[in-house]
Amino acid sequence: MIYSATDHAAMARALELAERGLFSTTPNPRVGCVIVRDGRTVGEGWHERAGTPHAEIVALQRAGAAAQGATAYVTLEPCSHFGRTPPCADALIDAGIERVVAAMEDPNPLVSGRGLARLRANGIRTESGLMREAATELNPGFISRMTRGRPWLRLKSAASLDGKVALRNGLSQWITGAEARVDGHRWRARACAILTGIGTVLKDDPALTVRGITCERQPLRVLVDTRLDIPESARLLHGGNCLVVCAEPRPASAGRLEALGVEVLCMPTRNGSVDLVALMHELARRGCNELHVEGGPRLNGALLQTGLADELLIYLAPRLIGDLAQGMFSVPELTDLGQAISLSILDVRTVGRDLRVIARPTGG
């Protein structure tokens, strides 16, 4: 399919609009829509949050009668089923749209090609694939949940240039600068949930909330605590929206946590600890698209070894801490370089004085 300059410009604008929902649409995908008639934009919109009108509906409302005979550019295939809102495919048909260009088909089994098929059945020309890669990068979590039954897991770590996250005595605040910490909060804000382990809570007592940036919601805070060792004074337990996952039922400890408004969930075990694979499926069942992990070397290593880490978000400070300091990942000793986890580096940039690296395991 050969697309025109108008097609590319309109879809780029739709993707730009979709990104406005980066912090707010969960558990729904981020979607934007632009309606063009005779080379002129007559309506545009984006999905703000679950339960509010979808991007296509907003764009159609703004276009009004000008939508008749127009082309709609949408970053994700229009839905064809009743959820909290009516099907967008029907709205496009009723508005008299002549052509629909989608960046990608919807991975949701309830839609998955049905939206475009309904449009075609009603005489509307449909095309799919324009700027597909950009649309995919906008919704890795939603795609992961729909196709793999688990969230997209982004593992964040802050370290020295020689890969150390804390001194031998445990001191780690602050290795990176203020700008990197603010940037980290932006990544927290786009996640549906933030995960950490009991070791990090006992050492650093994090709140795991989004701070310093505008965000109308707080992600679910999830703690992996096999034996429910968390003290009731921990900051994580206060302020609501907290899930503590254990592997050993301890009714007395669970009762004290529940009295604080915390949900306690006992999960199956694997090698004496919480089964992380089962936990991922449970979080997906709860509508979690993107999972942001801020744990210690042990949890980080376990997620890498089980193949659950989809992306690494690493901040490297321009300082050296030394060989005896603590590393980012606790994994068994390798005896051959062929056993190493290979990475594909997507992005490298400076944030303040620090270096931010985004990479993904390649399976090598």
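Predicted model only: the values in this text are computed from it and were never measured. Atoms considered below: every heavy atom in the structure, side chains included; atoms not considered: hydrogens, waters and symmetry mates.
Hydrophobic clustering, with ILVMFWY side chains joined whenever heavy atoms are under 4.5 angstrom apart, keeps Val351 apart from Ile314. One hydrophobic cluster, built from ILVMFWY side chains closer than 4.5 Å, holds both Leu195 and Leu243. Leu155 and Val224 fall within a single hydrophobic cluster, where Ile, Leu, Val, Met, Phe, Trp and Tyr side chains are chained together by heavy-atom contacts under 4.5 Å. No single ILVMFWY cluster, assembled from side-chain heavy atoms under 4.5 Å apart, contains both Met104 and Met131. Note on Val293: it clusters hydrophobically with Leu276, by side-chain heavy-atom contacts below 4.5 Å among ILVMFWY residues.
Arg154 contributes atom CZ, which lies 9.0 Å from atom CG of Asp310 (distance to the nearest 0.5 angstrom). Summarising the geometry, atom OG1 belonging to Thr350 is positioned 12.5 Å from atom CG belonging to Leu316; distances are rounded to the nearest 0.5 Å. Here the CZ-CG distance, from Arg227 to Asp225, works out to 8.0 Å after rounding to the nearest 0.5 Å. Annotation: the span from Leu153 atom CG to Ser144 atom OG amounts to 9.0 Å, rounded to 0.5 Å. With values rounded to the nearest 0.5 angstrom, Leu279 atom CG is found 7.5 Å from Leu291 atom CG. The distance from the CG atom of Leu161 to the CZ atom of Arg319 is 11.5 Å, given to the nearest 0.5 Å.
In this structure, Asp183 does not pair ionically with Arg349, as no charged nitrogen and carboxylate oxygen lie closer than 4.0 Å. The existence of a salt bridge linking Arg114 and Asp106 is excluded, since no basic side-chain nitrogen approaches an acidic carboxylate oxygen closer than 4.0 Å.
With hydrogens and angles ignored, the 3.5 Å screen pairs no side-chain donor or acceptor of Glu98 with any backbone N or O of Arg125. In this structure a side-chain-to-backbone donor-acceptor pair under 3.5 Å is missing from Arg120 to Thr126. Remark: the backbone N or O of Leu22 is paired with a side-chain donor or acceptor of Arg30 at under 3.5 angstrom. Between the side chain of Arg353 and the backbone N or O of Thr176, no donor-acceptor pair lies under 3.5 Å. A donor-acceptor pair is defined here as one N or O able to donate and one able to accept, closer than 3.5 Å; such a pair exists between the side chain of Asn241 and the backbone of Pro219.
Summarising the geometry of Pro361 relative to Ile341, their closest heavy-atom pair is CB-CG2, 4.3 Å, with the distance given to 0.1 Å. For the pair Ser128 and Tyr3, the tightest heavy-atom approach, listed with the atom from each and the gap, is O-OH, 3.7 Å. Minimum heavy-atom separation, Gly197 to Leu223: C-CD1, 3.4 Å. When every heavy atom of Val165 is checked against every heavy atom of Ser157, the shortest pair comes out as CG1-OG, 3.5 Å. The two residues Pro318 and Asp354 come nearest to each other via the heavy atoms CD-OD1, 3.3 Å. Considering every non-hydrogen atom in both Pro151 and Met280, the closest pair reads CD-O, 3.2 Å.
Within the structure, salt bridge (charged side-chain N to carboxylate O under 4.0 Å, His left out) pairs that include any residue of residues 136-147 comprise Glu137-Arg360 (at least two apart or interchain).
Within 6.0 Å of CD in Glu133 there are 12 or fewer heavy atoms belonging to other residues, nucleotides or ligands. Within a 6.0 Å sphere centred on CZ of Arg217, heavy atoms belonging to other residues, nucleotides or ligands number more than 12. When the shell of 6.0 Å around CZ of Arg20 is examined, it contains more than 12 heavy atoms from other residues, nucleotides or ligands.
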Checklist entry - When you look at Glu290 and Thr26, which way does the side-chain contact (heavy atoms from CB on, under 4.5 Å) test go after all the steps? => result CA-CA 9 Å; Glu290 291 186 25; Thr26 180; over 6 Å; no
Checklist entry - side-chain contact (heavy atoms from CB on, under 4.5 Å) between Ile97 and Ile35: does it pass, once the steps are laid out? => result CA-CA 9 Å; Ile97 289 291; Ile35 298 175; 4.1 Å; yes
Next on the checklist: Is there a salt bridge (Lys or Arg N to Asp or Glu O under 4.0 Å) between Glu127 and Arg99? Walk through the geometry before answering.
Outcome noted: CA-CA 8 Å; Glu127 296 154 24; Arg99 174 180 175 235; 2.8 Å; yes
Item to check | side-chain contact (heavy atoms from CB on, under 4.5 Å) assessment of Phe142 paired with Thr25 | outcome: CA-CA 10 Å; Phe142 181 75; Thr25 63; over 6 Å; no
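Partners of His47 according to the ring pair (Phe, Tyr, Trp, His ring centres under 6.0 Å) rule, which considers only residues two or more places apart in sequence or in another chain, are His54. Legend: residues meeting side-chain contact (heavy atoms from CB on, under 4.5 Å) with Glu44, ordered by chain and number and at least two apart, are Arg13, Leu17, Val34, Thr41. Partners of Gln61 according to the side-chain contact (heavy atoms from CB on, under 4.5 Å) rule, which considers only residues two or more places apart in sequence or in another chain, are Ile57. Shown here are the side-chain contact (heavy atoms from CB on, under 4.5 Å) partners of Ala207, two or more places apart in sequence or in another chain: Thr209, Arg211, Arg235. In this structure Arg188 satisfies the salt bridge (charged side-chain N to carboxylate O under 4.0 Å, His left out) test together with Glu294, sequence neighbours excluded. For Asp38, there are no side-chain contact (heavy atoms from CB on, under 4.5 Å) partners, not counting sequence neighbours. With sequence neighbours left out, Asp162 forms a salt bridge (charged side-chain N to carboxylate O under 4.0 Å, His left out) with no residue at all. Every salt bridge (charged side-chain N to carboxylate O under 4.0 Å, His left out) that Arg285 has, sequence neighbours left out, goes to Glu282. Residues satisfying the salt bridge (charged side-chain N to carboxylate O under 4.0 Å, His left out) criterion with Arg40, sequence neighbours excluded, are absent altogether.
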Pairs under 3.5 angstrom only: tabulate donor-acceptor contacts from the side chains of residues 260-274 to other protein residues two or more places apart or in another chain.
{"from": "Glu263", "atom 1": "OE1", "to": "Arg286", "atom 2": "NH1", "distance (Å)": "3.0"}
{"from": "Glu263", "atom 1": "OE2", "to": "Arg286", "atom 2": "NH1", "distance (Å)": "3.4"}
{"from": "Glu263", "atom 1": "OE2", "to": "Arg286", "atom 2": "NH2", "distance (Å)": "2.7"}

When the side chains of residues 66-76 are checked against the rest of the protein, which donor-acceptor pairs come out under 3.5 Å, sequence neighbours left out?
{"from": "Tyr73", "atom 1": "OH", "to": "Asp7", "atom 2": "OD1", "distance (Å)": "2.5"}
{"from": "Thr75", "atom 1": "OG1", "to": "Gly32", "atom 2": "N", "distance (Å)": "3.1"}

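With a 4.5 Å cut-off on side-chain heavy atoms, Trp187 and Ile358 count as touching. Two residues are said to be in side-chain contact when any heavy atoms from C-beta on lie closer than 4.5 Å; Asp204 and Thr196 fail this criterion. Inter-residue side-chain proximity for Asp347 and Arg356 is flagged as met; some heavy-atom pair is nearer than 4.5 Å. Here the side chains of Val100 and Glu56 are not in contact, with every heavy-atom distance at 4.5 Å or above. No side-chain heavy atom of Leu119 sits under 4.5 Å from any side-chain heavy atom of Glu77. For the pair Leu237/Val244, a side-chain contact is recorded, criterion being any heavy-atom separation below 4.5 Å from C-beta on. In this structure, Phe329 and Leu303 have side chains that are not in contact, with every pair of non-hydrogen atoms separated by 4.5 Å or more. Counting only heavy atoms from C-beta outward, the side chains of Leu299 and Thr200 never approach each other to under 4.5 Å.
Residue Leu208 forms a side chain to side chain contact (heavy atoms under 4.5 Å, CB included) with just one option from Ile194, Val201, Leu220, and that option is Ile194.
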